[in-house]
Amino acid sequence: MPIRSSALQNQIKAEIVFDTHPEISLDLKHVRQALKKGYDKPFLLVDNSIIRHKIRRFKAAMPRVHPHYAAKANPDPRVLKTLIEEGAGFEIASIAELDQLLNLGVPAAEIFYSNPMKSRAYLEYAASKGVEWYVLDSLEELQKIVSVKPDAKMYLRIDTPNIGSDWPLAGKFGAHLADISEIIQEATRLKADLAGVTFHVGSQCRNPQNWRVGIERAKNVFAEMCSAGLNPRLLNIGGGYPVRHVKPIPSIEVIAEVVNAAIADLPENVRIMAEPGRYLVSDAACFVCRVVGTATRNGKRWMYWDAGMFGGIIEITEGLRYQILTDRKGSDIPWSIAGPTCDSVDILAHGEMLPKDLQEGDFIYIPNAGAYTTAYASNFNGFPLPDVVVI
Ligand SMILES: *Cc1c(COP(=O)(O)O)cnc(C)c1O
């Protein structure tokens, strides 16, 4: 039976003071069941019923906000199908994602092209397939979209604070306050249908106030659009809803309280949507890999897993802290953890407290790993992609 390292257990206990809402994760009995059939490479075990639970919970918390799943978080077709059955719309960055969704029967009108930098060829393709809504955050992108599809419905991505997000995005995308007026004026001049506002608070955002600030800024932009003669009717509050790993998070209900209050005075004709990625799929899955070997180097204990940053466990290198479970019960010591490749960047952690008796062949279980794992994996150095197993 997988157990938590004692240090982690204490940490989780300490956090309960701040963080008492229940979250459902994949039951590890399913992992044990799956391992009875043998093991040949790392895999992600996905429980579809948890995905259904998460999207229902999201909708219940924010009844006016329609979720459009960010396909990049986990584009497995079975995951997408489950979300389609639950009535989700989608948000895409590329035409491969578009094709995948169209082939699964999603109407083009439910697919929002939310990548602020789109190639002309991709735009032409998306327009030919009937995609209606396109994001922009610059004058040049506005002109590009209008030159390809003069009747496109567009939404302006604005800059918003990323305070308290594990992946702050501010700076890369989002029209700055100083640039918004010019974009609105140009849309009016081009008689373009600039019809909405969006923002992205950054991924794994643990500060609900970021959504409030984003919505308030969006309302100001709406007002400016109206006075310029535009007809704003879409508010897209983006992604970023956090999932539990080792740090405390606000529940979706806590975030919803802030969002629902902020949108309460928006007129009925304003369509409100969100783009949850991580939130809908993370908790539904457990990543399973194995210790290839251990070594002592200059007094430091190292272990090497058969999946590292190229095998799907990449967010750990960007600062995300996963829970790591094992079957060992020895006392914890600090481990350096690396992946199986020969690349010097393929190191997952230093000083990770895990049982000292871990050894070759032991399984490693990473709960809540359904987002941004398998989607990132590559075959680098000849190692196989992790399997995705869906129950
Ligand atoms: C990645 C992305 C999302 C989803 O982000 P999560 O943090 O997974 O919720 C939503 N919107 C856009 C534009 C994105 O790029």
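Numbers for residues simply follow the sequence, beginning at 1. Computation of the quantities below employed the complete heavy-atom set of this structure, encompassing side-chain atoms and omitting hydrogens, waters and symmetry-equivalent molecules. If you're wondering where the values come from, they're calculated on a predicted model, not measured in any experiment. Read the numbers this way: they start at 1 and go in the same order the structure lists the ligands and their atoms.
Figure legend: K149 and Y134 shown without cation-pi pairing, the cationic atom not lying both under 6.0 angstrom from the six-membered ring centre and within 45 degrees of its axis.
Centroid-to-centroid, the aromatic rings of F58 and Y241 come within less than 6.0 Å. Aromatic pair F363/Y39: centroids less than 6.0 angstrom apart.
Checking only distances, G277 does come within under 3.5 Å of ligand 1, N or O to N or O. At under 3.5 Å, a nitrogen or oxygen of G240, whether backbone or side chain, sits near a nitrogen or oxygen of ligand 1. Residue-to-ligand polar distances place E275 within reach of ligand 1: an N/O pair is separated by less than 3.5 Å. The N/O atoms of S203, backbone and side chain alike, include one that comes under 3.5 Å of an N/O atom in ligand 1.
Interatomic distance, CD1 of I316 versus CD1 of I324, reported as 4.5 Å (0.5 Å rounding). Here CG of L142 is found 9.5 Å from CZ of R189. Values are rounded to the nearest 0.5 Å.
Of all atoms in ligand 1, numbered sequentially from 1 with element shown, those under 4.0 Å from a heavy atom of R157 are 13 (C). Counting the atoms of ligand 1 from 1 in the order shown, those under 4.0 Å from a heavy atom of S114 are 13 (C). Atoms of ligand 1 lying under 4.0 Å from at least one heavy atom of R278, given by number and element, are 6 (P), 8 (O), 9 (O). Every atom of ligand 1 with a heavy atom of G239 under 4.0 Å away is listed here by number and element: 9 (O), 10 (C).
The residue H68 has no part lying near ligand 1, judged by heavy-atom distances below 4.0 Å. Of the heavy atoms in Y372, only side-chain atoms (C-beta onward) come closer than 4.0 Å to ligand 1.
In this structure, the side chain of D343 engages the main chain of V345 through a donor-acceptor pair within 3.5 Å.
A pairwise comparison of heavy atoms in A127 and V148 identifies CB-CG1, 4.5 Å as the closest pair.
A donor atom on one side chain and an acceptor atom on the other are found under 3.5 Å apart for N236 and E275.
Heavy-atom distances between F173 and ligand 1 stay at or above 4.0 Å for every pair.
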